[in-house]
Peer 1: 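Sharing a structure, written as structure tokens. Questions coming.
Each ligand, and each atom within it, is numbered from 1 in the order the structure gives.
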Amino acid sequence: MDDRKIGQVADLLQRAVSVVAFTGAGISAESGVPTFRDNNGLWEGYDPMKVATPEGFKEDPRTVWRFYHKRRQQAQQVKPNPAHLALAELESIRNNFLIITQNIDGLHQQAGSKNVIELHGSLFKARCTKCSCQLDLNSCSQEILSDEPSCPKCNSLLRPAVVWFYEPLPEEEFSAAMESADNCDLMFSIGTSAEVHPAASFVWQAKANGAVIVEINPKPTAASQIADISFRIAAGEILPKIVEQYKSIGQ
Ligand code: OAD
Ligand code: ZN
């Protein structure tokens, strides 16, 4: 059953001019990163309203920073899985391939993908709460990695450069994602419950503009109703097969 669909998707990849992969927490599940809405979700006993809202940060920045330092350290210990690697390979063998990710774990980039829009920011970046200063946490001093880090330029409090509940998506990333969703002719929706908007709306946007939607998720999701082809299987099991098939038909 899946073999026929793999062939179909490889053909679609061959015909498509522009392809987008929209990814969520599920693509990192096989790397050992917990998802949000499955059992023992990523919040791990933390109240999301305390550690992932602007209000929570205002009230208790130390707890919020501790949470994000911990998540960053966890992300540093995991490795990209075959799903991330297959998407990175796809980028290297075809033109016009872009990943729009809701993940902040950096695993697509670690796998070698370069064309990645991080809609929800990154665990590896911080930004100033006052000025426009942005910092790469991979290459900054130990001092910055404290529980109440301050901006090297203006000394104000730094915050994790991630999108929290009640916050808009970063403008540049939002418009770039919107444009790609409008213009692609094939969109993969991979490892996402497609429940969190506006991020998830890119799938509907692509569909409305005529793209074929291919969903990869062991469970049905909000986007299943508009998917043209659905694979009910782990991303790491099917994506390498799709890419192999695409390569074998000569791209
Ligand atoms: P969710 O936790 O909502 O959904 C994860 C999805 O991955 C579920 O539908 C699972 O069935 C699926 N899944 C699990 N294992 C998988 C595997 N091996 N292969 C493929 N799929 C698998 O995570 P997201 O959709 O990413 O936002 O959540 C979206 C946003 O909600 C997050 O970015 C986060 C959260 O609030 C912010 O933090 C702003
Ligand atoms: Zn500053």
Side-chain angles (χ1 to χ4, degrees), residues 21-44 46-49 51-54 56-57 64 67-68 71 78 80-84 86-87 99-105 107-108 117-123 126-135 140 144 149-170 173-174 177 188-203 214-224 227 230-242:
F22 177 67
T23 68
I27 198 166
S28 297
E30 289 156 87
S31 295
V33 183
T35 60
F36 291 90
R37 291 170 184 78
D38 296 312
N39 292 339
N40 303 317
L42 204 127
W43 303 112
E44 294 175 322
Y46 283 87
D47 177 355
M49 291 303 122
V51 294
T53 61
F57 184 66
V64 174
F67 174 72
Y68 282 96
R71 279 184 67 186
V78 298
N81 67 55
H84 298 106
L87 293 186
I99 294 172
I100 303 176
T101 190
Q102 300 164 91
N103 300 345
I104 58 178
D105 56 27
L107 285 175
H108 285 303
I117 297 177
E118 291 181 309
L119 276 181
H120 289 162
S122 167
L123 280 174
R127 63 179 169 89
C128 182
T129 50
K130 289 265 152 52
C131 76
S132 59
C133 187
Q134 290 248 21
L135 270 106
C140 65
I144 302 261
S150 52
C151 173
K153 285 202 182 130
C154 75
N155 219 28
S156 306
L157 184 62
L158 287 173
R159 58 161 282 177
V162 298
V163 175
W164 286 326
F165 291 106
Y166 313 122
E167 290 188 314
L169 297 181
E173 281 78 1
F174 182 81
F188 290 88
S189 175
I190 307 167
T192 176
S193 57
E195 279 176 20
V196 178
H197 290 263
S201 51
F202 294 121
V203 185
V214 176
E215 181 181 57
I216 301 178
N217 197 310
K219 294 183 189 155
T221 73
S224 301
S230 291
F231 292 94
R232 291 280 162 255
I233 186 169
E237 284 180 44
I238 200 75
L239 274 168
K241 291 184 184 163
I242 291 172

Peer 1: Ala234 heavy atoms, cut-off 4.0 Å: which ligand 1 atoms fall inside?
Peer 2: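 The atoms of ligand 1 under 4.0 Å from a heavy atom of Ala234 are 17 (C), 18 (N), 19 (N).
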Peer 1: Under 4.5 Å between any side-chain heavy atoms of Ile27 and His84, yes or no?
Peer 2: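 The answer is yes; the side chains approach within 4.5 Å.
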Peer 1: Side-chain contact test, heavy atoms from C-beta onward, threshold under 4.5 Å: evaluate it for Ile242 versus Ile216 and give yes or no.
Peer 2: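 Contact flag for Ile242/Ile216 side chains = yes.
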Peer 1: Rounding to 10°, state the angle centred on the Zn ion (ligand 2) that links SG in Cys128 with SG in Cys151.
Peer 2: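 It is 110°, given to the nearest 10°.
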Peer 1: With a 4.5 Å heavy-atom cut-off, do Lys219 and Ser193 have their side chains touching?
Peer 2: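 In short, these two side chains do not touch, never coming nearer than 4.5 Å.
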Peer 1: Indicate yes or no: at least one non-hydrogen side-chain atom of Lys241 is less than 4.5 angstrom from one of Phe231.
Peer 2: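 The answer is no; the side chains never approach within 4.5 Å.
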Peer 1: With a cutoff of 4.0 Å, is Trp164 in contact with ligand 1, counting heavy atoms of the residue only?
Peer 2: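 No.
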Peer 1: Judged on heavy-atom distance to atom 8 (C) of ligand 1, which of Leu239, Thr101, Thr35, Asn217 sits nearest?
Peer 2: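 Among Leu239, Thr101, Thr35, Asn217, the closest heavy atom to atom 8 (C) of ligand 1 belongs to Asn217.
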Peer 1: Considering only heavy atoms, which of Val196, Thr221, Ile190 lies nearest to atom 30 (C) of ligand 1?
Peer 2: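 When every heavy atom of Val196, Thr221, Ile190 is considered, Val196 comes closest to atom 30 (C) of ligand 1.
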Peer 1: Please indicate whether any nitrogen or oxygen in Ala235 is less than 3.5 Å from any nitrogen or oxygen in ligand 1.
Peer 2: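 Yes.
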Peer 1: Could you tell me which atoms of ligand 1, counted from 1 in the order shown, lie closer than 4.0 angstrom to a heavy atom of Glu30?
Peer 2: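 By the 4.0 Å cutoff, the relevant atoms are 17 (C), 18 (N), 19 (N).
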Peer 1: Return yes when Glu195 approaches ligand 1 closer than 4.0 angstrom through a heavy atom, no otherwise.
Peer 2: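 Glu195 does not count as a contact of ligand 1 under the 4.0 Å cut-off.
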Peer 1: Can you find a pair of side-chain heavy atoms, one from Leu239 and one from Ile190, that are under 4.5 Å apart?
Peer 2: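 They are in side-chain contact.
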Peer 1: Please state which option from Gly26, Ala199, Gly236, Ala25 has its nearest heavy atom closest to atom 17 (C) of ligand 1.
Peer 2: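 Selected option, by shortest heavy-atom distance: Gly26.
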Peer 1: With a cut-off of 2.8 Å, does any N, O or S atom of Cys133 fall short of it relative to the Zn ion (ligand 2)?
Peer 2: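 It does not; every qualifying atom lies at 2.8 Å or beyond.
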Peer 1: So, for Cys151 and Cys131, which heavy atoms are closest and what is the spacing to 0.1 Å?
Peer 2: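 Nearest pair, atom of Cys151 first, then Cys131: SG-SG, 3.7 Å.
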Peer 1: Are the side chains of Arg232 and Ser224 in touch, meaning some heavy atoms are under 4.5 Å apart?
Peer 2: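 Yes, close enough: below the 4.5 Å cut-off.
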Peer 1: Taking the side chain as C-beta and beyond, is there a heavy-atom pair between Phe36 and Val196 under 4.5 Å?
Peer 2: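 Side-chain contact under 4.5 Å: no.
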Peer 1: Out of all atoms in ligand 1, which are within 4.0 Å of some heavy atom of Phe165? Include the element for each.
Peer 2: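 This gives 36 (O) as the contact atoms.
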Peer 1: Say whether Pro218 and ligand 1 are in contact under the criterion: heavy-atom distance to a ligand atom below 4.0 Å.
Peer 2: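 Per 4.0 Å heavy-atom rule, Pro218 contacts ligand 1.
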Peer 1: What atoms of ligand 1 come within less than 4.0 Å of a heavy atom belonging to Gly24?
Peer 2: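 It comes down to these atoms of ligand 1: 26 (O).
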Peer 1: Can you check which of Gly121, Ala194, Gly191, Ala200 brings a heavy atom nearest to atom 6 (C) of ligand 1?
Peer 2: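 Considering heavy atoms of Gly121, Ala194, Gly191, Ala200, the nearest to atom 6 (C) of ligand 1 sits in Gly191.
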Peer 1: Using a 4.0 Å heavy-atom threshold (strictly under), name the region of Gln102 that reaches ligand 1: side chain, backbone, both or neither.
Peer 2: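 It is both backbone and side chain that touch ligand 1.
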Peer 1: Measure from the side-chain N and O atoms of Asn103 to the backbone N and O of Asp105, and report whether any donor-acceptor pair falls under 3.5 Å.
Peer 2: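 It does not hold such a pair.
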Peer 1: Quick one: does ligand 1 sit under 4.0 Å from the side chain of Ala29, the backbone, both or neither, non-hydrogen atoms only?
Peer 2: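 The answer is the side chain of Ala29.
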Peer 1: Does Phe67 reach the side chain of Pro160, with side-chain heavy atoms less than 4.5 Å apart?
Peer 2: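 A side-chain contact under 4.5 Å is absent here.
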